[in-house]
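Proteins get letters first, then strands, A, B, ... in listed order; numbering begins at 1 in each.
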Amino acid sequence: MAKILNVVKGTKDILPQDMPMWHLLEKNALDIFSKYGYKEIRTPIFEVTELFARGVGDTTDIVNKEMYTFEKSDRSLTLRPENTAGVVRSYIENGMSRLSPPVKLWYKGPMFRYERPQAGRQRQFHQVGIEMFGIKEPTADAEAILLAVDYLKSLGLNDLEVEINSLGCPECREAYKKRIKEVLKPEFDNLCDDCKNRYEKNPLRLLDCKVESCKAIFEKPEIKAVIQSDFICEECAEHYSKLKTYLNELGVKYIENKLLVRGLDYYNRTVFEIKSNNLGSQNAVCGGGRYDSLVRNLGGDDTPAVGWAMGMERLISLIPTIEPQKIDAYIVSNSTIEAFKLAETLRNEGLTVEFDMQNKKFTKQLEKASKIAQYAFILGEDEIKNNMVSVKNLSTSVQKAIDRKNLRSEFKNV
RNA sequence: GCGCCUGUCGUCAAGUGGUUAAGACCUCGGAUUGUGGUUCCGAUAUGCAUGGGUUCGAAUCCCAUCAGGCGCCCCA
């Protein structure tokens, strides 16, 4: 026997039995996002590496150590680790800034990150997400969050926690970073290695360190005071407070989490996450926020934008398993040709139909029918002669002969 | 990149040093030559991730390698 080959580490087959859940996610995405005016967009799964370096940010882990990058024809290309950069690239390249705002786009598809796999984390995984361009007002932030909550509700996920925070604009954030670094400077040597690293790279991410010794440091009064201070400028504060007003009025429950810091560099002002307690340590199903400078950084006009992405595998692990549907009919017959022809006729009429291709014994055919179909269409010599079909309801055992002309309309009455 | 745990049939598993490696589900065949889902019978691992070692003897102990899971980090 030849050697068996396995899926690549961190990737998974999505098997037929999983498909009903995937179809539900995809159908609800199309239905609900459409109601909010979103149009679907599909961008390539690989892009020029520079797009992610400039878009996602070269201080992020995603760009630093998690990208699948390869060289082809002297160009460096990368399997997309997320889709916002690609959508923004397409928005700019296709002149969508000429469209009347808001420009609302949604996507779904595979993403690739080279990380150690664990519960809720794969190297190839799928995201569904939205991006809205052209609106600086907090109505955009509020509608994006409302849409996320609506979509989750449609999947039966009603009690997930929405966390929000405001990172401020680049100006107030820089000032805040500076203050954090100043107040922590005397403690620098006592921080854990990760935090020492973060101190330079992204001081904001120091805040939710889980190491006990670091937590203790952050509890010191003079440090805690800085962490908990409202650092954002007046304009940012107003934006944030309007967002909260909208959410309150719309009945969207949320908790404010001052420590919530998305790891991507492009966010400003609003950031949010939606979390579940049933996911293990990778507990975020949705993450997003506002990214007003990304379009400009990638060469477009100054364009405010908001977006989020959800991990589809994580969503699926939260929704109940959906049993596959049985087909309408299985044709039971010892005449292969007649069965074949009848199957084709019925399929053209819109039914899902199978028949026995191996000319097995009658009882075997019926046994198969009972496993996979709602009805058995029995086609024996008598039936063929009289142009009839004996329809058997396999859950009630009721059987009735029906004229083939009326089969399509009458079989479900058996 | 670091830590912990695990690897017995397609799947779930019993077995923890001593003759032929339980059982269940699935699959396939038969009992049943035009009536299934119930029942009964039968088939299906010369092998326990792979390679070494210890032993009279190893799925069981040891080492290495590989694979998987979980956690840290990070994120969806």
Side-chain angles (χ1 to χ4, degrees), chain A residues 3-12 15 17 25 56 59-66 81-84 108-129 148 152 160 192-195 197-198 201-202 205 208-211 260-264 271-276 279-288 307-318 326 330 332-335 356 358 360-384 390-399:
Chain A
K3 187 177 185 286
I4 291 173
L5 302 171
N6 305 109
V7 285
V8 173
K9 188 187 190 78
T11 68
K12 280 204 167 90
L15 297 167
Q17 59 266 33
L25 258 57
V56 180
T59 67
T60 62
D61 280 3
I62 290 180
V63 169
N64 272 329
K65 48 187 197 191
E66 297 176 3
E82 53 91 59
N83 206 10
T84 297
K108 61 167 197 277
M111 309 295 159
F112 306 85
R113 291 182 200 173
Y114 187 79
E115 300 179 89
R116 272 301 275 276
Q118 65 184 67
R121 191 165 81 188
Q122 295 170 206
R123 289 181 174 178
Q124 182 186 168
F125 63 102
H126 296 76
Q127 288 187 332
V128 56
L152 293 169
L160 301 180
C192 69
D193 290 348
D194 284 328
C195 281
N197 204 357
R198 293 184 188 112
K201 265 170 53 184
N202 189 349
R205 269 192 276 173
D208 61 353
C209 184
K210 282 144 198 147
V211 176
L260 180 62
V261 178
R262 316 247 65 254
L264 288 72
V271 289
F272 59 92
E273 272 187 14
I274 302 181
K275 295 179 180 172
S276 164
L279 278 175
S281 66
Q282 309 301 322
N283 62 355
V285 286
C286 176
W308 52 251
M310 296 194 191
M312 296 178 82
E313 283 84 356
R314 291 184 190 177
L315 288 175
I316 282 171
S317 73
L318 290 175
K326 289 191 168 180
Y330 191 86
V332 174
S333 175
N334 289 320
S335 169
D356 171 50
Q358 299 168 108
K360 287 194 186 175
K361 284 186 187 172
F362 188 87
T363 50
K364 288 291 171 195
Q365 291 192 33
L366 202 53
E367 188 181 334
K368 173 87 169 179
S370 72
K371 279 178 188 155
I372 69 166
Q374 295 177 271
Y375 295 88
F377 285 4
I378 299 166
L379 204 54
E381 280 174 33
D382 292 347
E383 284 92 346
I384 292 171
S390 291
V391 174
K392 177 160 187 161
N393 182 326
L394 290 163
S395 48
T396 63
S397 293
V398 174
Q399 183 170 326

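- A heavy atom lying under 4.0 Å from RNA chain B marks the following residues of residues 372-382 of chain A, by number: A:Ile378, A:Gly380, A:Glu381, A:Asp382.
- The nearest whole Å value for the distance from the NZ atom in A:Lys12 to the P atom in B:A76 is 18 Å.
- Residue contacts shown for A:Gln358 are absent, as no nucleic acid heavy atom lies under 4.0 Å away.
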Could you write out each protein N or O paired with an N or O of nucleotides 25-32 of chain B at a distance under 3.5 Å?
| from | atom 1 | to | atom 2 | distance (Å) |
| --- | --- | --- | --- | --- |
| B:G30 | OP1 | A:Lys361 | NZ | 3.3 |

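- In this structure, A:His126 places its NE2 atom 16 Å from P of B:A76, rounding to the nearest Å.
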For nucleotides 2-12 of chain B, give me every protein contact, N/O to N/O, under 3.5 Å, one pair per line with atom names.
| from | atom 1 | to | atom 2 | distance (Å) |
| --- | --- | --- | --- | --- |
| B:C2 | N4 | A:Arg116 | NH1 | 3.1 |

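- When the C1' atom is compared between B:G17 and B:G30, the two are found 42 Å apart, to the nearest whole Å.
- By the salt bridge (charged side-chain N to carboxylate O under 4.0 Å, His left out) test, A:Arg121 pairs with A:Glu115, sequence neighbours left out.
- Take A:Lys361 and apply the salt bridge (charged side-chain N to carboxylate O under 4.0 Å, His left out) test, not counting sequence neighbours, and it matches no residue.
- Of the residues near RNA chain B, A:Gly10 and A:Gly288, the one whose nearest nucleotide (by heavy atom distance) lies more toward the 5' end is A:Gly10.
- Every residue meeting the ring-ring contact (aromatic ring centres under 6.0 Å, His included) condition with A:Phe377, not counting sequence neighbours, appears here in chain and number order: A:Phe411.
- Taking every side-chain heavy atom of A:Glu115 into account, B:A76 is the closest of B:A76, B:G36, B:G34.
- For A:Lys392, the listed nucleotide lying nearest its side chain is B:U35; candidates were B:G71, B:U35, B:C73.
- The CG atom of A:Leu25 sits 12 Å away from the C1' atom of B:A76 (whole-angstrom rounding).
- Distances shown here put a side-chain N or O of A:Gln118 below 4.0 Å from the OP1 or OP2 atom of B:G71.
- Between the CG atom of A:Asp61 and the C1' atom of B:C72 there is a distance of 13 Å, rounded to whole Å.
- Between the P atom of B:U33 and the CG atom of A:Leu366 lies a distance of 14 Å, rounded to the nearest Å.
- To the nearest angstrom, P of B:G1 lies 6 Å from OH of A:Tyr114.
- A heavy-atom distance below 4.5 Å is found between the side chains of A:Gln399 and A:Ile378.
- Side-chain contact, A:Ser281 with A:Gln118: a donor N or O sits under 3.5 Å from an acceptor N or O.
- Among residues two or more places apart in sequence or in another chain, the salt bridge (charged side-chain N to carboxylate O under 4.0 Å, His left out) test is passed with A:Lys9 by none.
- With sequence neighbours excluded, no residue forms a side chain to side chain donor-acceptor pair (under 3.5 Å) with A:Ser335.
- When the side chain to side chain donor-acceptor pair (under 3.5 Å) test is applied to A:Lys275, the partners found at least two apart in sequence or on another chain are A:Glu163.
- As judged by a 4.0 angstrom heavy-atom cut-off over every strand, A:Gly129 is placed among residues making no nucleic acid contact.
- Relative to the side chain of A:Ser397, the nucleotides B:G71, B:G68, B:G36 differ in distance, and B:G36 lies closest.
- With sequence neighbours excluded, no residue forms a side chain to side chain donor-acceptor pair (under 3.5 Å) with A:Glu66.
- A search for salt bridge (charged side-chain N to carboxylate O under 4.0 Å, His left out) contacts involving A:Lys371 returns A:Glu367, not counting sequence neighbours.
- Put simply, the side chain of A:Glu383 and the base of B:G34 share a donor and an acceptor less than 3.5 Å apart.
- Applying the 6.0 Å contact sphere to CD of A:Gln17 captures more than 12 heavy atoms from other residues, nucleotides or ligands.
- For A:Gln365, the side chain to side chain donor-acceptor pair (under 3.5 Å) test picks out A:Asp356, with sequence neighbours left out.
- A:Phe362 places its CZ atom 8 Å from the P atom of B:G34, with the value rounded to the nearest Å.
- Side chains of A:Phe272 and A:Cys286 form a contact here, defined as non-hydrogen atoms less than 4.5 Å apart.
- Residue contacts shown for A:Glu66 are limited to sugar-phosphate atoms, with no base heavy atom under 4.0 Å away.
- Between the side chain of A:Gln399 and the base of B:U35, at least one donor-acceptor pair of N or O atoms lies under 3.5 Å.
- When the C1' atom of B:G1 is taken as reference, atom NZ of A:Lys9 falls 13 Å away, rounded to whole Å.
- Between A:Pro117 and A:Gln127, the residue anchored nearer the 5' end of RNA chain B, judged by the nucleotide with its closest heavy atom, is A:Pro117.
- Using atom P as the reference point in both B:C25 and B:G71, the two lie 34 Å apart (nearest Å).
- Note on A:Thr60: nothing from the nucleic acid sits closer than 4.0 angstrom, heavy atoms only.
- Side-chain atoms of A:Arg121 and base atoms of B:C70 include no donor and acceptor less than 3.5 Å apart.
- Counting non-hydrogen atoms under 4.0 angstrom, A:Ala284 reaches the backbone sugars and phosphates but no base.
- Here B:A76 is the nucleotide among B:C73, B:A76, B:G36 with the atom lying nearest to any side-chain atom of A:Arg113.
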